[in-house]
Amino acid sequence: MQIKEQLYEGKAKKVFRTDDPELLVVSYKDDATAFNGLKKGMIAGKGVINNRMSNLLMQRLEKCGIPTHFVKQLSERETVVKRVSIVPLEVIVRNIAAGSFSQRYGVKEGERLAAPTIEFSYKNDELGDPLINDHHAISLGLASADEIETIKKYAFAVNEQLKVFWAKCGVTLVDFKLEFGRLSDGTIVLADEISPDTCRFWDSSTGEKLDKDRFRRDMGGVEDAYTEIMQRLTNHL
Ligand code: UDP
């Protein structure tokens, strides 16, 4: 397989075409953004950690019957993935109240929810990724009713698998964001990444944050937190 020209550069990754029309290569950067691109910075070594973590977790999920875009890791920062058209929804699953959920509903950060919950944001930078319900998503033609059902089923299954895995690593999976895509035949697969950029990870005993909130909230120790969470994962492979 040959890597061809860059198709797209996002906030955290670059995407390249290959000589196979069904495969792309993603390259993870150290750039970090928050608040819809308002806050910009760098987290040294983040690209290497996110690439490796996302690939390891997606391989685990595949074994549990959740289809993903993962094909093969090429290098520290580069991975071959299946080409998908991204469903323009951010799919957020929560176990514990935090961030925007705490603010919106007046629930103290850290409160365990009575049951895991799910929400969608419409992926649209100009609109600031507004919260959207599944009926709106269907009415706007972002996904079909069947696709929404499949996405919900996979998202909750991902949560069950990852919650148990991270618990073994001494980490509480607070919440996370997923993105799904369609293969050329329409099959829905998990895409994008699963990393400290897209999940809230809290140390189970101390509550210490081991994720991008340290960057968003100027808490310091960002690189160390990424290194620590990666170490927890590799210790439990
Ligand atoms: N998240 C993400 N990208 C976004 C928004 C949220 O990866 O554009 C993740 C975030 O890391 C957290 C979860 O989704 O794990 C829930 O985030 P929340 O809605 O609380 O938003 P935030 O408080 O981060 O703005």
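Read the numbers this way: they start at 1 and go in the same order the structure lists the ligands and their atoms. Hydrogens, waters and symmetry mates are skipped; everything else that's a heavy atom, side chains included, is used.
Phe176 CZ to Asn159 CG: the interatomic distance, rounded to the nearest 0.5 Å, is 4.0 Å.
Contact shell of ligand 1 (protein heavy atoms, cutoff 4.0 Å): Glu90, Ile92, Arg94, Ala98, Gly99, Ser100, Asp175, Phe176, Lys177, Asp197, Thr198, Cys199, Arg200, Arg216.
Listed by chain and number, the residues in a salt bridge (Lys or Arg N to Asp or Glu O under 4.0 Å) with Asp218 are Lys39 (sequence neighbours excluded). With sequence neighbours left out, the side-chain hydrogen bond (donor to acceptor under 3.5 Å, both in side chains) criterion links Arg112 to no other residue. Glu126 meets the side-chain hydrogen bond (donor to acceptor under 3.5 Å, both in side chains) test with no other residue; sequence neighbours excluded.
Using a 4.0 Å cut-off between charged side-chain N and carboxylate O, Asp20 and Arg83 make no salt bridge.
When hydrophobic clusters are built by joining Ile, Leu, Val, Met, Phe, Trp and Tyr residues whose side-chain heavy atoms come closer than 4.5 Å, directly or via intermediates, Leu131 is not grouped with Val93.
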